[in-house]
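Here's the structure we're looking at; comments come further down.
This is a predicted model, so every value here is computed, not measured.
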Number of protein chains: 4
Amino acid sequence: MSESRSLPRKTPRQARSLATVSAIVEAAARILEERGHEGFSTNAVAEKAGVSVGSLYQYFPRKDALIGALILRQTMSLIRDAESAADQPTGQEALSALIAPCVHQQLERPALARLLDYEEARLPLDAETEQVKRRFFELTRDALLRPDMPAQPDIDVAARDVVAIVKGMIDAAGEHGEEDRNGLTLRVKRAVIGYLKAGSDGG
Amino acid sequence: MSESRSLPRKTPRQARSLATVSAIVEAAARILEERGHEGFSTNAVAEKAGVSVGSLYQYFPRKDALIGALILRQTMSLIRDAESAADQPTGQEALSALIAPCVHQQLERPALARLLDYEEARLPLDAETEQVKRRFFELTRDALLRPDMPAQPDIDVAARDVVAIVKGMIDAAGEHGEEDRNGLTLRVKRAVIGYLKAGSDGG
Amino acid sequence: MSESRSLPRKTPRQARSLATVSAIVEAAARILEERGHEGFSTNAVAEKAGVSVGSLYQYFPRKDALIGALILRQTMSLIRDAESAADQPTGQEALSALIAPCVHQQLERPALARLLDYEEARLPLDAETEQVKRRFFELTRDALLRPDMPAQPDIDVAARDVVAIVKGMIDAAGEHGEEDRNGLTLRVKRAVIGYLKAGSDGG
Amino acid sequence: MSESRSLPRKTPRQARSLATVSAIVEAAARILEERGHEGFSTNAVAEKAGVSVGSLYQYFPRKDALIGALILRQTMSLIRDAESAADQPTGQEALSALIAPCVHQQLERPALARLLDYEEARLPLDAETEQVKRRFFELTRDALLRPDMPAQPDIDVAARDVVAIVKGMIDAAGEHGEEDRNGLTLRVKRAVIGYLKAGSDGG
DNA sequence: GATGAATGAGGCTTCATTCAT
DNA sequence: CATGAATGAAGCCTCATTCAT
């Protein structure tokens, strides 16, 4: 609905266009990582993608749309992995299935993750992205409602807090250059469980 | 003592200039809040501060120095309040004394806090700021070492995680428009305690 | 081949841009002549060239590059004419063939010549310009080595002095508003011959 | 008459002021040498002179006046030494007495000399400076009129050419980093004599 | 007279965006 | 559709000059 902000101005029909679009998006990611916000210019992205600026503007009506597309790409990639949480037998396992992809994505490209985080807060996101993000929240909420999880007085607040804890810890780890994904995943899960337990008995 | 990045290029000698400097810093804060990064221009800051750009550059050698000064100001303000943690009889109370000022600062000016957070990661901080930040970390570490706190296998990791949890939760709250400071403080503390307990018995 | 200081940042591929580039260079020359260093601004040059500043910066990465290109243009123009010196049968004629183009260029646009002279000393020249200048020196040296020229104890010193004398006299003439090119050429040649004769017999 | 351009706005009566003025002028010289035109700012000069900008403007109404004063200082210093030419018994000796101070001044501070040369051409000089320069020209003319000098068809043209030759050679030497003053003086004299001889017999 | 804080016009340069080819 | 030259508003920053203290 507010598509003008981040969706490609024209949905690519041909394979070539698809390839172009994803080359551009990946180039955007790389420029962002390598040069930060300061060096993130449409010309730089086009050059790295091996296309002309004109072509870039064929698919992305404005600079922000590039970031929007990037956010969508990363968020969808995250949710694809996180969906498996729904299939886990226990809450504990569901939680792990949620945290692991987050850790993975953050430590895979920490600089990118951090920058996109910032952008997510700044930019008006398009409907699709919002929906994907909502889905992640729901998965979290559902995991917390599993029978093996400590009961929470307010499940929405709990879910929000859990997401915040996960985000906060993982982000700090990325910034700190941490590389032990399993260790980090464990610590994050421990924190979440600790929070849930502490909250279940009236806090 | 002096750091090219964020310290005033000229230490103000006259009363007039002291006023100018703080007017500029506060103007920078306001512009950042109201217009975000995009609208944060030296001219805008100077105008809002009621001085000329020239004056601004008399005290801040480059645009980034404004942000640096702002970060220092906020960090020092935080630490001033947080120092009381050292005087608390118990770890529990020390923890509260640490969390409360964080919550206060974040909810007081959420947009500003979030933007400065981003800048802290991006900018090379001057020595003074680094030291103040280290001090906050030490206060946290000391609190966790109190006898009434669950013992941690690695105190530094624990302290870092605690800081990350606090930051993550408070930041999310600010973004979400939360206003109940006491409630938030309690939830954060609960999360921290939960994490510490979960961590003390080997996870 | 490429030199960051004065070569166009982008080699023009289309006919359009070739025209743009030379329009810019000529505009630079004119602005320099009409307004001197003080009035030599990129905006002024762009305006006089009838293009936008952006276009100017598309081809010249910095202001100095404009001057560099101008120096190269003038030096190449000079050498093109001076090359005929190599074909002259006698040293006397070769000398004339060297001096005449210098006089021509200086009196054609005296203000420009003088300013560029100053810039040549100030700016780091790119490889191509250096080479062209070296070529001029070699032509001079070769002329002095002809059999009809008085033998010199140190041919390099002699060549350098001759170039200095020529430059000094012509520059002064330009500054003085002299217009009689033939007269000037003769006087300069006389000075050079006088110097060479005086130097040949041990000084 | 056109005093506004370079004379101190107020003639210093007190010893202290005199000291201040010459400190400023020398500071100007140093800044010019060390940082060239680009770094030559009134603030830099004031700082190096150890006075405030305000004080500088007390004595020099505008930036150019600094350069004007510097030119005057150097020119007067030159003429002071060159005056001895008038006392020499022969033209040959008078010529040497003229050339030597030029060589001295140029090689003493080559960068400064070259920059001032450029300024002399650019700036409207005040009456006093003009007069001092004229005096140098007269000394040269008189030397050429001595009986032991080759007769010249046009004495003014000859004097101008001689000055140009001297300037050209000495300047090139300074630029080239030459340090042998005696050798240079001899070569310059040889060139001048050569020119004069060549000119005396109708070319 | 001296000081140095303040001014603000103006110069350099970038970069999102358009559009002729 | 692709290209890349062109645009020009806008941002950063300097520095000659003034003036209140």
Indicate whether OP1 or OP2 belonging to [N] is found under 4.0 Å from a side-chain N or O atom of [X].
| X | N | result |
| --- | --- | --- |
| C/Ser55 | F/dT7 | yes |
| C/Thr20 | F/dA6 | yes |
| D/Thr42 | F/dA16 | yes |
| C/Tyr57 | F/dG8 | no |

Nearest whole Å is fine: how far is [N] [atom2] from [X] [atom1]?
| X | N | atom1 | atom2 | value |
| --- | --- | --- | --- | --- |
| A/Phe60 | E/dT18 | CZ | C1' | 18 Å |
| C/Lys63 | E/dC12 | NZ | P | 4 Å |
| D/Tyr59 | F/dT17 | OH | C1' | 18 Å |
| D/Ile67 | F/dA16 | CD1 | C1' | 13 Å |
| A/Glu47 | F/dA5 | CD | P | 12 Å |
| A/Gln58 | E/dT18 | CD | P | 12 Å |
| B/Leu66 | F/dC12 | CG | C1' | 12 Å |
| C/Asp64 | E/dG11 | CG | P | 16 Å |

Atom CD of C/Glu47: over 12 foreign heavy atoms under 6.0 Å |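 Atom CD in C/Glu47 is not packed in, count stays at 12 or less.
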Could you say whether B/Gly54 or C/Asn43 is positioned toward the 5' end of DNA chain F, judged by the nucleotide with the nearest heavy atom to each?
->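 The residue mapped nearer the 5' terminus is C/Asn43.
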Can you sort out which residues in residues 25-41 of chain C have a heavy atom within less than 4.0 Å of DNA chain F? Ascending by number, please.
-> none
Quick one: [atom1] on [X] to [atom2] on [Y], what's the gap to the nearest 0.5 Å?
| X | Y | atom1 | atom2 | value |
| --- | --- | --- | --- | --- |
| C/Leu115 | D/Arg122 | CG | CZ | 10.0 Å |
| A/Ile24 | A/Thr42 | CD1 | OG1 | 11.0 Å |
| D/Leu70 | D/Leu116 | CG | CG | 4.5 Å |

To the side chain of D/Ser52, which of F/dT17, E/dT3, F/dT7 is closest?
->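 Closest nucleotide among those given: E/dT3.
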Sort out for me which residue in B/Glu26, B/Glu33, B/Glu34 forms a salt bridge (charged side-chain N to carboxylate O under 4.0 Å, His left out) with B/Lys48.
->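 Single pass found, and it is B/Glu34.
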Where DNA chain E forms stems, i.e. three or more consecutive Watson-Crick or G-U pairs with both distances under 3.5 Å |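 So far as stems of 3 or more pairs are concerned, DNA chain E shows E:2-21 with F:2-21.
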Where each residue is assigned the nucleotide of DNA chain E containing its nearest heavy atom, which of A/Val53 and C/Val53 is assigned the position nearer the 5′ end?
->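 Between the two, 5'-proximity favours C/Val53.
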D/Glu130 bridged to D/Lys133 by N-O distance under 4.0 Å | no
Please list all pairs passing the ring-ring contact (aromatic ring centres under 6.0 Å, His included) test where one or both residues lie in residues 20-54 of chain D, with sequence neighbours left out.
->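 Sorted pair list: D/His37-D/Tyr118.
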